[in-house]
Amino acid sequence: MMPEKRLEDLHTRQLQRYFAVNSIIPALWLKHLVSLFEPGQDARLMFLSARVGSIEDNRLGGWYGYRASKAALNMLVKTAQVEYARRVPGVKLMCYHPGTVDTELSRPFSGGMPRNRRFSTEQAAQYLLSELQKPRAENQAVFVDWRGDKVCW
Ligand SMILES: NC(=O)c1ccc[n+]([C@@H]2O[C@H](COP(=O)([O-])OP(=O)(O)OC[C@H]3O[C@@H](n4cnc5c(N)ncnc54)[C@H](OP(=O)(O)O)[C@@H]3O)[C@@H](O)[C@H]2O)c1
């Protein structure tokens with residue numbers, strides 16, 4: 001699938017696929033995981049989002065399905081955190097932007113990007129693990145990037 005550049009590129013099946021992979025499957029994880037935690041258990045659940053899913057940060061437009069399905073993911077995680085806080089208060093939910101990582105997904109779009117701005121999958125995994133291990137005081141879901149900086153929702 002190629003990201004939609006203009007409204008004429010929107011197609012039902014492509015939009016459904018984006019939402020199935022990026023929003024619905026993670027929502028089902030949220031649903032099934034909640035009952036596996038003990039009340040008081042300390043844990044993090046991190047969801048692979050993307051900066052392009054930020055509603056506030058959207059200046060360039062395009063990529064309708066990918067953007068919207070990641071924005072939906074972010075909303076599902078933020079909403080679920082309210083319920084998780086009540087049912088399993090030690091479990092913190094996070095949306096994570098890994099940066100540009102050299103994978104099948106990004107390769108068609110990252111050719112013009114300097115090599116030092118694209119992470120190998122090993123580097124990306126290290127950044128992700130270090131972010132996951134930081135203590136978190138927030139009672140709300142967070143949206144952070146690979147540097148640990150907050151991304152606006
Ligand atoms: N790469 C980037 O620069 C970048 C930037 C921002 C955010 N992200 C996010 O990071 C995540 C991983 O991206 P990636 O670059 O690693 O993508 P990728 O190279 O396309 O890999 C996607 C992975 O998801 C699996 N997958 C796809 N559909 C699935 C399904 N229905 N059920 C279970 N697994 C499924 C694939 O499994 P198979 O290998 O078995 O097909 C593959 O392992 C995505 O959520 C992406 O949006 C990536």
Side-chain angles (χ1 to χ4, degrees), residues 1 3-4 10-107 109-110 117-153:
M1 298 197 308
E4 311 90 344
L10 292 177
H11 296 289
T12 305
R13 290 195 55 187
Q14 180 157 323
L15 286 171
Q16 284 171 335
R17 180 84 186 133
Y18 275 124
F19 277 88
V21 171
N22 288 325
S23 327
I24 296 172
I25 291 173
L28 296 176
W29 277 103
L30 282 163
K31 166 185 164 174
H32 290 292
L33 286 170
V34 71
S35 57
L36 298 180
F37 293 106
E38 304 286 336
Q41 189 176 344
D42 180 51
R44 316 263 182 286
L45 283 179
M46 181 182 266
F47 291 83
L48 287 167
S49 185
R51 193 184 300 280
V52 295
S54 165
I55 290 176
E56 232 175 311
D57 190 61
N58 183 359
R59 286 178 289 270
L60 292 177
W63 292 50
Y64 286 84
Y66 187 69
R67 274 184 196 284
S69 60
K70 291 294 190 187
L73 166 68
N74 292 349
M75 181 58 94
L76 285 159
V77 170
K78 209 166 180 345
T79 304
Q81 179 72 86
V82 176
E83 188 172 341
Y84 268 64
R86 199 170 63 241
R87 295 173 61 176
V88 283
V91 181
K92 310 280 185 206
L93 305 185
M94 308 169 67
C95 294
Y96 183 71
H97 170 63
T100 302
V101 184
D102 198 14
T103 65
E104 292 296 314
L105 181 145
S106 67
R107 232 160 264 146
F109 316 104
S110 58
R117 290 197 44 213
R118 280 181 276 154
F119 304 133
S120 66
T121 47
E122 290 78 9
Q123 269 174 307
Q126 277 166 12
Y127 287 134
L128 184 152
L129 287 173
S130 81
E131 198 48 43
L132 200 53
Q133 283 157 6
K134 285 184 190 166
R136 301 230 79 96
E138 303 94 340
N139 292 322
Q140 296 187 334
V142 291
F143 185 11
V144 290
D145 69 12
W146 56 275
R147 285 169 294 227
D149 290 344
K150 291 217 167 128
V151 181
C152 48
W153 294 101

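Scope of the values below: all heavy atoms of this structure, side chains included, with no hydrogens, waters or symmetry mates.
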For Val91 and Leu33, run side chain to side chain contact (heavy atoms under 4.5 Å, CB included): C-alpha distance rounded to whole Å, both residues' side-chain angles, the deciding distance at 0.1 Å, then the answer.
-> CA-CA 11 Å; Val91 181; Leu33 286 170; over 6 Å; no
What do you reckon, is CG of Leu129 surrounded by more than 12 foreign heavy atoms closer than 6.0 Å?
-> yes
Nearest-0.5 Å distance that lies between atom CZ in Phe37 and atom OH in Tyr84 = 6.0 Å
Kindly give the heavy-atom pair with the smallest separation between Ala124 and Tyr96, and that separation in Å.
-> O-OH, 4.5 Å
Measure the OG1-CZ distance between Thr103 and Arg118 for me, rounded to the nearest 0.5 Å.
-> 11.0 Å
Under 4.5 Å between any side-chain heavy atoms of Val142 and Lys150, yes or no?
-> yes
Over all atoms of both residues, closest heavy-atom pair of Ser49 and Cys95 | CB-CB, 4.0 Å
Any chance you could lay out the side chain to side chain contact (heavy atoms under 4.5 Å, CB included) test for Leu45 and Trp29, step after step, and finish with the verdict?
-> CA-CA 10 Å; Leu45 283 179; Trp29 277 103; over 6 Å; no
For the pair Trp146 and Phe119, name the ring-plane relationship: parallel under 30°, tilted 30 to 60°, perpendicular over 60°.
-> perpendicular
Nearest heavy-atom neighbours spanning Leu48 and Leu73 = O-CD2, 3.6 Å
Any side-chain heavy atom of Leu15 within less than 4.5 Å of one from Leu10?
-> yes
Take atom CD in Gln140; do more than 12 heavy atoms of anything else shown fall under 6.0 Å from it?
-> no
Quick one: closest heavy-atom pair of Ser54 and Val151, and the distance?
-> CB-CG1, 4.2 Å
Is Asp145 salt-bridged to Arg51, cutoff N-O under 4.0 Å?
-> yes
In this structure, CE of Met94 is separated from CD of Glu138 (nearest 0.5 Å) by 8.0 Å
Taking all heavy atoms of Arg44 and all of Pro135, pick out the closest pair and write down the distance.
-> NH2-CA, 3.7 Å
With the threshold set at 4.0 Å, does a side-chain nitrogen-carboxylate oxygen contact exist between Glu131 and Arg136?
-> yes
Mind checking the OH-OG spacing from Tyr18 to Ser23? Nearest 0.5 Å is all I need.
-> 12.0 Å
More than 12 heavy atoms of other residues, nucleotides or ligands under 6.0 Å from CZ of Arg13: is that the case?
-> no
Without swapping roles, check the side chain of Glu4 against the backbone of Tyr64 for a donor-acceptor pair under 3.5 Å.
-> yes
Are the side chain of Gln14 and the backbone of Pro3 linked by a donor-acceptor contact shorter than 3.5 Å?
-> no
Which atom of Asn74 lies closest to which atom of Gly53, heavy atoms considered = ND2-O, 3.8 Å
Return yes if some donor-acceptor pair links the side-chain N/O of Arg67 with the main-chain N/O of Gly61 below 3.5 Å, else return no.
-> yes
Which distance, rounded to the nearest 0.5 Å, do you find between the CD of Gln81 and the CG of Asn139?
-> 8.0 Å
More than 12 heavy atoms of other groups within 6.0 Å of Met75 CE | no
What do you reckon, is CZ of Arg147 surrounded by more than 12 foreign heavy atoms closer than 6.0 Å?
-> yes
Is there side-chain contact between Thr121 and Val101, with at least one heavy-atom pair below 4.5 Å?
-> yes
dist Leu128:CG -> His97:NE2 (nearest 0.5 Å) comes out at 12.0 Å
